[in-house]
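Quantities reported herein were computed from a predicted structural model and do not represent experimental measurements.
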Amino acid sequence: MVTASRPGSNFAAWDAARAISRPWIENTAIGTVQRLHAGELLYAQGDLHACFYLVRSGFVHTTVLHPNGHQLLLEVFGPGAIFGEASAFIAAHRHVSATAVTPVVLSRYEAQEIRELMGHSPDLVMTLLQLLGHKHRLLIDKLSSFTSTTPSVRLMELLARAELLPHDSRTGKLHLTHEQIGAMTGLSRVTVTRVLRSMVEKNWVATHKGSIEILDPHALREALARQ
């Protein structure tokens with residue numbers, strides 16, 4: 001059974017995909033490798049193309065642009081995430097824009113290519129059906145709780161995934177600036193700085209130029225669980 005760390009969080013769909021994407025990760029015979037630089041647009045809201053993606057490394061976020069010009073962060077996708085499949089198979093215009101937050105390596109799959117696999121790779125097809133079901137349920141959770149997610153919770157959700165974020169394997173420091181964290185959580189740089197300052201005062205983290213060090217991951221996870 002797939003469970004998200006928090007219902008309605010900006011990482012719920014990533015969590016759901018990671019639990020069932022192993023067959024896609026291990027199958028390198030299908031799809032096309034695509035690389036993006038940080039800040040590069042993968043597809044824009046309103047685009048029409050029949051493909052979907054698996055994140056092999058790096059991070060992508062999806063946003064929706066409202067008529068009033070306000071941009072809303074919907075999801076953050078990291079290693080193991082599969083996204084874009086719904087629009088790909090129904091040939092619908094994209095409802096969101098997808099942008100690389102860090103350098104990203106993706107596998108890009110054409111919908112027609114996957115249709116041809118249905119006869120001899122049922123495990124791949126089944127994972128997509130499972131993922132669509134989980135995402136539908138998560139969407140309902142997101143709609144009911146989106147406005148109640150505080151900046152501190154968004155930041156804790158991100159830092160709780162320290163092992164999956166860009167980091168120094170020797171020191172464990174996360175190579176993320178306040179601007180990058182803001183982009184990944186839908187927060188302003190000023191808000192990120194304010195929330196991190198509070199975490200520093202609690203001795204949960206230490207901040208350095210261009211990096212963050214998690215001092216007490218247990219306390220961080222406990223605080224997140226209480227939300």
Between Tyr43 and His49, does the ring centre distance come in under 6.0 Å?
-> yes
d(Ser198 OG, Leu155 CG) to nearest 0.5 Å is 10.0 Å
Minimum heavy-atom distance between Thr191 and Pro151, given as atom pair plus value = CG2-CB, 3.7 Å
Which atom pair, heavy atoms only, marks the closest approach of Val60 to Ala98?
-> CG1-CB, 4.0 Å
Do you know the tightest heavy-atom contact between Gly84 and Arg94?
-> O-NH1, 2.9 Å
Output, in order, the C-alpha distance, side-chain angles, deciding distance and verdict of side chain to side chain contact (heavy atoms under 4.5 Å, CB included) for Ile30 and Leu124.
-> CA-CA 11 Å; Ile30 61 174; Leu124 294 179; 3.8 Å; yes
Verdict with supporting geometry, Arg22 and Glu26, salt bridge (Lys or Arg N to Asp or Glu O under 4.0 Å) | CA-CA 6 Å; Arg22 180 172 296 277; Glu26 294 177 346; 3.5 Å; yes
Exercise: do His175 and Ser211 side chains pair donor with acceptor under 3.5 Å = no
So which heavy atom on Asn27 is nearest to which on Arg56, and how close?
-> O-NH2, 3.7 Å
Mind checking what makes side-chain hydrogen bond (donor to acceptor under 3.5 Å, both in side chains) contact with Trp24, not counting sequence neighbours?
-> Thr127
Heavy atoms of Ser21 and Leu54 approach each other most closely as CB-CD1, 4.5 Å
About how many Å separate OG of Ser97 and NE2 of His61, when rounded to the nearest 0.5 Å?
-> 9.0 Å
Under 4.5 Å between side-chain heavy atoms, hopping through other hydrophobics if needed: is there a path connecting Leu41 to Phe83?
-> no
State the CD-OG1 distance between Glu75 and Thr62, to the nearest 0.5 angstrom.
-> 5.5 Å
d(Ile25 CD1, Ser107 OG) to nearest 0.5 Å is 9.5 Å
Determine whether the side chains of Arg108 and Gln34 contain a donor N or O and an acceptor N or O closer than 3.5 Å.
-> yes
Before giving the answer on side chain to side chain contact (heavy atoms under 4.5 Å, CB included), spell out for Leu187 and Ile181 the whole-Å C-alpha distance, their side-chain angles and the decisive distance to 0.1 Å.
-> CA-CA 8 Å; Leu187 302 173; Ile181 293 173; over 6 Å; no
Distance-only side-chain donor-acceptor flag, His208 / Glu213, under 3.5 Å | yes
Hydrophobic cluster (4.5 angstrom, side-chain heavy atoms) - remaining members for Leu215 | none
Smallest heavy-atom separation, Met156 atom then Ala223 atom, equals SD-CB, 3.8 Å
With sequence neighbours excluded, residues passing salt bridge (Lys or Arg N to Asp or Glu O under 4.0 Å) with Arg221 | none
